[in-house]
Amino acid sequence: MSQIERGLRPVTDDIARAYTVALGTEPDAKPAGDPLRVAHEWLVAEPPPVEQLTSGRQVGTGLVAEMERRVVELRRLDDVVGGTNLHPIVRCDLEAARAVVNEGQHAPDVRRRLLRVVGELSQLGGWVYADAGRYPQAQQVYLAGVTAATEAEDRPLAGQLLSTLSYMIANTGDPRDAGLLARSALQGAGHDAPPIVRALLGERVAWAAAKYGDAGAAHRALDAVDDEFDRRTPEDEEPDWTYWFDRDEIDVMRARCAVQLGDAAAAETLLSPIMKRYPADRQREAALYRSWLAEAYARSGNADAARSTLDQVRAHAAELGSVRLDQRVAELEATLARRIA
């Protein structure tokens, strides 16, 4: 039951029926591993007593520091390695971190750091699983990470996990569910979260709204992102997992929302200068963002620019091992076939 509640074991039909009998839920109620249920439980949950969090062999600060350093390295590796190749590596690190948490004995501050490592590896693991097209595994890892981040009393990290999951659902499932999940993540992260965190989480709210066609909600969310980002100060303690998020990334999301909402001209204006200066070592993200520029060209009728840009994206996709990028290429080819005969 613990594995089911933490999203580590799938909910079969037999298990769903057992929950229906035991809990008095309707047969069509959302299963225990449902993201919206986890988000709600996270918002109202109290952290567990420290006495329940200690067992096994003593773990010191040296090991924790090494694990934290390893997370940073893996996160940077994701900039250049696609999820197909990276997810087995992250999975091994995540399993090792869970073992240290479950089998070791820790002082309270050490345990919180260990749990934060598990949460951060879960966020990275979910991301690379999704990039490899392994969406059920990604969801399970994200939701288990929420549990670890909540025990670590790191609400911004728990919000990041749920928010990143909402982004995946917006792209692969029901955008309205994704929007509710993204708003829950932003609310639960707290108003005292660093402005860069609230800006990043706000982007996922905007993207979900754009995916289900609510231009007003998308623009309001994007304006809130701008406001939060402008609130940053040099004194802010910003988590490492926001290292990549800057003004160009915000404008890229605004451009993507514009394409999704049918404003190709605005997307071109935003994306063209960004792609000229985007870091060359972040090839997958550059290719993904260039795919949106190609779509903007296609939707505005600029056939030559669309084909040329798509050729660049296709060349990178062949090298990077990213299912997400491969899917974008397929989507673009279909768009071009419809719009540019």
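What you see is a predicted model, and the numbers here were worked out from it, not measured in a lab. Quick note: residue numbers are just sequence positions, from 1.
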Side chain to side chain donor-acceptor pair (under 3.5 Å) partners for [X], two or more places apart:
{"X": "R277", "value": "D248"}
{"X": "R231", "value": "E228"}
{"X": "E319", "value": "none"}
{"X": "D281", "value": "none"}

Would you call [X]-[Y] a salt bridge at under 4.0 Å N-O?
{"X": "E151", "Y": "R112", "answer": "no"}
{"X": "R328", "Y": "E331", "answer": "yes"}
{"X": "R324", "Y": "E285", "answer": "yes"}
{"X": "E66", "Y": "R69", "answer": "yes"}
{"X": "R254", "Y": "D226", "answer": "yes"}

How about P194 and E237: do any of their side-chain heavy atoms sit closer than 4.5 Å?
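No. Closest side-chain heavy atoms not under 4.5 Å.
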
Quick one, L157 and P239 - any side-chain contact, counting heavy atoms below 4.5 Å?
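Sidechains of P239 and L157: no contact.
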
Does the side chain of D311 come under 3.5 Å of the side chain of S308 through a donor N or O and an acceptor N or O?
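The criterion, which ignores hydrogens and geometry beyond distance, is not satisfied for S308 and D311.
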
Cut-off 3.5 Å, side chains only: do R204 and S166 have a donor facing an acceptor?
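R204 vs S166: no donor-acceptor pair found between side chains.
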
With rounding to the nearest 0.5 angstrom, report the [atom1] to [atom2] distance, [X] to [Y].
{"X": "E249", "Y": "I274", "atom1": "CD", "atom2": "CD1", "value": "8.0 Å"}
{"X": "Y289", "Y": "R256", "atom1": "OH", "atom2": "CZ", "value": "6.5 Å"}
{"X": "L320", "Y": "L288", "atom1": "CG", "atom2": "CG", "value": "9.0 Å"}
{"X": "Q283", "Y": "Y278", "atom1": "CD", "atom2": "OH", "value": "11.5 Å"}
{"X": "Q327", "Y": "T172", "atom1": "CD", "atom2": "OG1", "value": "8.5 Å"}

What pairs with T61 under side-chain contact (heavy atoms from CB on, under 4.5 Å), at least two apart in sequence or on another chain?
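Per chain and number, T61 pairs via side-chain contact (heavy atoms from CB on, under 4.5 Å) with V110, R113.
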
Under 3.5 Å, side-chain donor or acceptor atoms of residues 212-219 against the rest of the protein: list the pairs with distances, not counting sequence neighbours.
unit_1, atom_1, unit_2, atom_2, d
D214, OD1, G216, N, 3.3
D214, OD1, A217, N, 3.0
H219, ND1, A215, O, 3.2

Sequence neighbours excluded, which residues qualify as ring-ring contact (aromatic ring centres under 6.0 Å, His included) partners of Y135?
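With sequence neighbours excluded, Y135 shows a ring-ring contact (aromatic ring centres under 6.0 Å, His included) to no residue whatsoever.
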
Taking only residues two or more places apart in sequence, or in another chain, which ones meet W127 in a ring-ring contact (aromatic ring centres under 6.0 Å, His included)?
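Partners of W127 under the ring-ring contact (aromatic ring centres under 6.0 Å, His included) test: none.
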
Only counting residues at least two apart or in another chain, list the ones meeting salt bridge (charged side-chain N to carboxylate O under 4.0 Å, His left out) with D230.
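By the salt bridge (charged side-chain N to carboxylate O under 4.0 Å, His left out) rule, D230 matches R247.
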
Which donor-acceptor pairs under 3.5 Å do the side chains of residues 116-125 make with protein atoms, sequence neighbours left out?
unit_1, atom_1, unit_2, atom_2, d
R116, NE, D154, OD2, 2.9
E120, OE1, R75, NH2, 2.6
S122, OG, V118, O, 2.7
Q123, NE2, T164, OG1, 3.3

Sequence neighbours left out, cut at 3.5 Å: what donor-acceptor pairs do the side chains of residues 82-93 make with other protein atoms?
unit_1, atom_1, unit_2, atom_2, d
T84, OG1, G321, O, 2.8
H87, NE2, R134, NE, 3.2
D93, OD1, R70, NE, 3.4
D93, OD1, R70, NH2, 3.1
D93, OD2, R70, NE, 2.7

Determine, for Y297 and R307, whether the Lys NZ or Arg CZ falls below 6.0 Å from the six-membered ring centre while staying within 45 degrees of the axis.
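Geometry flag: not set, cation outside 6.0 Å or 45°.
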
Tell me the salt bridge (Lys or Arg N to Asp or Glu O under 4.0 Å) pairs involving residues 77-87, sequence neighbours left out?
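Residue pairs passing salt bridge (Lys or Arg N to Asp or Glu O under 4.0 Å), neighbours aside: D78-R284, D79-R282.
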
